[in-house]
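The structure appears right after this line, and notes come after that.
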Amino acid sequence: MKNRELAMIFEKIADCLEFKGESQFRIIAYRRAARAMQDLAEDVEELLKQNKLKDIAGIGAATAEKIEEYLATGTMQRYEEARKAVPDGLVEMMRIPGMGPKTVKLLYDKLKINSVADLEAAVKEGRMKGLRGFGPKKLENILRGISLMKTAGKRIRLGVALPLVESIIDALRTKVPVAQCLPAGSLRRMRETIGDIDILATGVNGPEIVNAFTKLPQVRYVLAEGDTKGSVITGEGLQVDLRVVAEESYGAALQYFTGSKDHNIRLREIARKKHLKVNEYGVFRGEKSIAGKTEEEVYKILGLDWVPPVLREDRGEIDAAREGRLPAIVEQSDIQGDLHVHSKWSDGKATIERMVLAAKEMGYKYVAITDHSYSTTIAKGLTVERLHKQIEEIEKLRKKIHGIEILTSTEMDIKPDGSLDFPDDVLEELDVVTASVHSAFKQDRSRLTARVLAAAENPNVDIIAHLTGRLIGEREPYDIDVEAVMKKAADTGTAIEVNAQWERLDIDDVNCRRAVDLGVNLVISTDSHNPSHLQYMRFGIATAQRGWAAKENVMNTRSISGLREWLSRAHVGAAR
DNA sequence: GCCGTTTTCGGCCCGACTGTTTTCAGTCG
């Protein structure tokens with residue numbers, strides 16, 4: 001799959017064009033094309049074969065031709081030219097916070113500075129002396145930018161970012177009176193990783209709030225401090241931006257500060273066509289504010305339904321909002337049970353009883369105990385004999401704990417040769433069966449895919465868990481043909497899991513959207529190894545929402561009888 | 001370079017903050 005390669009190439013072309021000072025619009029067009037490639041769940045080669053490249057939003061005649069050229073020849077003329085014209089060092093220099101194309105170009109033209117290392121040396125040797133626009137503060141900022149780029153700049157995962165932002169907001173509230181204070185940006189959109197943290201506050205005294213913010217103990221550097229906006233770097237090297245607005249602008253500011261950038265640009269284009277203007281203070285006709293107190297009225301005045309933050313990625317949600325066909329996305333309150341929970345029997349940290357009681361506490365109507373099978377030796381996987389003992393224990397617990405159904409289950413290993421740990425007659429004894437890959441990740445694409453396809457075809461397998469095996473920022477997805485597995489799952493009724501552990505979020509939002517389009521059944525489960533993990537359901541829900549999943553798409557929104565109906569139907573589907 | 005419920009050509013989102021400069025360009029989100 002060449003989608004990612006193409007995304008990188010278009011991004012690089014945009015960088016080079018930016019350096020050369022070409023039209024902003026052309027640069028934006030290339031960046032948009034890059035993102036279109038990034039967001040594409042289907043294989044770009046497949047779309048080329050079907051002659052559908054130009055159906056992708058952001059891909060026009062020129063970029064389609066370049067994609068075709070690259071897929072046919074392995075090179076792209078435009079890319080080769082751009083790389084030759086702009087040394088790699090210059091592109092890297094543009095990544096330094098505070099350094100843009102103009103500054104880099106000027107230093108290259110005047111002083112022949114062409115790398116980050118050379119830039120650092122030049123500042124320290126005083127080579128910029130007398131150069132217009134390079135005062136002492138500017139030089140200081142360049143050095144700081146270089147050190148920031150070295151130490152920071154890494155995206156952090158949602159599960160790490162959320163507690164961090166909560167601690168910052170709590171600290172701010174103790175220092176200064178603020179009416180509203182909440183996370184915006186990619187955090188509010190629940191993206192799987194967060195580049196920087198955005199916080200929106202309302203209050204009458206902007207400068208005082210911003211000042212208190214810049215003096216918080218978490219702050220290492222202050223990047224900017226104005227009347228309504230502050231920007232800092234925390235001890236962890238993470239950038240946090242605070243924006244303060246008046247109460248009457250709350251909705252418009254929240255909308256603006258939640259983004260995404262591309263979503264907002266679309267909104268402003270719509271406004272412009274209606275001879276309106278949208279900014280963070282409201283929606284304006286001429287000088288007059290006509291909306292802004294709530295997000296709902298901002299969207300409404302533009303002729304759109306309110307768009308849930310998780311959908312604001314410019315992935316078709318604007319058109320859907322205009323046409324009244326936004327999905328009724330699945331909500332936490334729809335979830336009736338968790339179908340992926342471990343206990344002490346394998347690598348979980350708590351007894352079955354504690355896990356079940358914690359699930360009941362969540363308000364669930366059922367929970368499946370999915371301990372590992374014996375091939376996963378590192379996790380003390382269960383043999384057939386131990387599985388039978390576990391079933392006996394569950395039967396006892398059923399008599400003891402009421403108000404929640406305990407489902408017998410397994411997270412069974414799909415072995416390297418595609419066979420399964422348990423024979424069919426054992427699987428038939430279980431209420432629900434999950435299968436997943438825990439070994440031989442490095443197998444080639446065809447073997448790995450065949451292995452999972454075989455599991456999905458087994459009528460006794462109900463769910464495929466963490467399909468791609470990725471660990472965000474740690475381990476790449478296995479080389480598996482996700483599209484082929486999904487098509488098989490759509491055919492057999494086998495569900496694909498949205499794993500809610502924030503290190504995994506597997507499948508991701510883009511693949512989830514594709515699954516929904518293909519009519520694949522989903523489950524959202526936490527893969528809990530202790531009772532507190534059950535809370536991670538919110539991350540799984542957010543991922544499914546970002547994938548446009550509705551309640552109907554998600555099997556564990558069903559009542560226990562509805563769930564059992566699907567479990568039996570899945571088997572019929574596979575048998576045909 | 002993309003795109004069309006005013007357009008197939010002529011548009012293309014909008015404002016805050018900084019640093020250094022005497023009125024604004026560059027950068028960022």
Side-chain angles (χ1 to χ4, degrees), chain A residues 10 13-14 17-18 21-36 53-67 78 93-107 128 130-142 144-145 148 184-186 195-200 206-207 210 214 222-232 239-245 249 252-253 255-284 302-303 314 318-319 322-323:
Chain A
F10 285 139
I13 292 173
L17 296 182
E18 189 162 36
E22 282 204 41
S23 153
Q24 270 306 317
F25 304 115
R26 179 171 292 163
I27 294 164
I28 289 169
Y30 272 109
R31 294 213 194 279
R32 210 167 252 171
R35 215 175 58 84
L53 283 183
K54 283 199 273 181
D55 294 350
I56 307 168
I59 302 297
T63 42
E65 204 172 287
K66 289 182 176 70
I67 292 171
R78 192 77 166 96
M93 280 166 68
M94 289 196 292
R95 304 225 187 286
I96 300 170
M99 295 270 293
K102 298 286 194 323
T103 313
V104 171
K105 186 164 182 3
L106 189 130
L107 290 174
M128 281 87 157
L131 200 59
R132 190 185 160 81
F134 289 80
K137 285 239 177 176
K138 179 90 175 177
L139 296 180
E140 191 185 313
N141 282 342
I142 290 175
R144 197 169 68 187
L148 269 181
S186 50
D196 53 28
I197 290 179
D198 299 305
I199 300 172
L200 177 71
V210 173
T214 61
V222 178
L223 293 174
E225 181 183 349
D227 289 346
T228 67
K229 189 178 158 183
S231 193
V232 303
Q239 183 169 335
V240 185
D241 298 331
L242 173 77
R243 190 67 190 266
V244 185
V245 297
S249 295
Q255 196 292 314
Y256 157 78
F257 218 26
T258 297
S260 66
K261 188 177 163 149
D262 296 292
H263 176 89
N264 286 357
I265 288 174
R266 292 287 182 218
L267 237 52
R268 288 166 185 190
E269 283 169 1
I270 290 171
R272 180 173 262 272
K273 282 181 191 146
K274 293 180 185 290
H275 305 289
L276 301 173
K277 185 174 73 173
V278 178
N279 59 29
E280 56 265 56
Y281 302 109
V283 182
F284 294 84
L302 298 176
D314 188 24
I318 303 259
D319 286 342
R322 182 166 37 218
E323 293 156 18

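Just so it is clear: chains get the letters A, B, ... in the order the sequence lines come, proteins before strands, and each one is counted from 1.
Listed by chain and number, the residues in a salt bridge (charged side-chain N to carboxylate O under 4.0 Å, His left out) with Asp319(A) are Arg322(A) (sequence neighbours excluded). With sequence neighbours excluded, the residues forming a side chain to side chain contact (heavy atoms under 4.5 Å, CB included) with Ala64(A) are Leu53(A), Lys54(A), Ile59(A), listed by chain and number. Residues passing the salt bridge (charged side-chain N to carboxylate O under 4.0 Å, His left out) test with Glu225(A), sequence neighbours excluded: none. Partners of Lys105(A) according to the salt bridge (charged side-chain N to carboxylate O under 4.0 Å, His left out) rule, which considers only residues two or more places apart in sequence or in another chain, are Asp109(A). Considering only residues two or more places apart in sequence or on other chains, Arg268(A) meets the salt bridge (charged side-chain N to carboxylate O under 4.0 Å, His left out) condition with none of them.
Comparing the P positions of dT18(B) and dC12(B) gives an interatomic distance of 29 Å, to the nearest angstrom. Atom name C1', nucleotides dA25(B) and dT20(B): the rounded distance is 10 Å, in whole Å. Here the separation of dC13(B) from dC2(B), taken at their P atoms, is 16 Å to the nearest Å. dG26(B) and dT22(B) have their P atoms separated by 13 Å, with the value rounded to a whole Å. For the C1' atoms, the distance from dG11(B) to dT6(B) is 13 Å, rounded to whole Å. A distance of about 15 Å separates the C1' atoms of dT8(B) and dG1(B), rounded to the whole Å.
Within 4.0 Å of Gln239(A), counting heavy atoms only, lie sugar-phosphate atoms of the nucleic acid but no base atom. As judged by a 4.0 angstrom heavy-atom cut-off over every strand, Ser231(A) is placed among residues making no nucleic acid contact. Contacts of Phe257(A) with the nucleic acid, taken as non-hydrogen atoms under 4.0 Å apart, are absent. Contacts of Lys277(A) with the nucleic acid, taken as non-hydrogen atoms under 4.0 Å apart, involve only primed sugar atoms and P, OP1 or OP2. Within the 4.0 angstrom heavy-atom criterion, no nucleotide atom of any strand lies near Ile13(A). Using a 4.0 Å heavy-atom cutoff across all strands shown, Lys138(A) reaches sugar-phosphate atoms only and no base atom. Heavy atoms of Arg32(A) sit nowhere under 4.0 angstrom from any nucleic acid atom. Using a 4.0 Å heavy-atom criterion, one finds that Glu280(A) contacts the sugar-phosphate atoms exclusively. Residue Gly185(A) is classed as having no contact, given no heavy-atom separation below 4.0 Å to the nucleic acid. Residue Asn264(A) is out of contact with every strand shown, counting any heavy-atom pair closer than 4.0 Å. In this structure, Ile59(A) reaches the sugar-phosphate backbone alone: every heavy-atom distance under 4.0 Å involves primed, P, OP1 or OP2 atoms, never a base. When heavy atoms are screened at a 4.0 angstrom cut-off, Arg243(A) is found touching the sugar-phosphate backbone but no base atom. Among the atoms of the strands shown, base atoms are found under 4.0 Å from some heavy atom of His275(A).
Comparing Ala62(A) and Lys274(A) by the nucleotide of DNA chain B whose heavy atom lies nearest to each, the residue mapping closer to the 5' end is Ala62(A). Comparing Ile265(A) and Lys66(A) along DNA chain B, the residue whose closest nucleotide (by nearest heavy atom) sits nearer the 5' end is Lys66(A).
A 3.5 Å limit on both hydrogen-bonding distances identifies no Watson-Crick or G-U partner for dT8(B).
In summary, contact between chain A and DNA chain B, defined as any nucleotide atom under 4.0 Å from a heavy atom of the protein, begins and ends at dG1(B) to dG29(B) in the 5' to 3' direction.
Between Glu280(A) and Lys229(A) there is no salt bridge, since no side-chain N of the basic residue sits under 4.0 Å from a carboxylate O of the acidic one. A salt bridge links Glu269(A) to Arg266(A): at least one charged side-chain nitrogen sits closer than 4.0 Å to a carboxylate oxygen.
Side-chain contact between Leu148(A) and Leu223(A): present, with at least one pair of heavy atoms (C-beta onward) separated by less than 4.5 Å.
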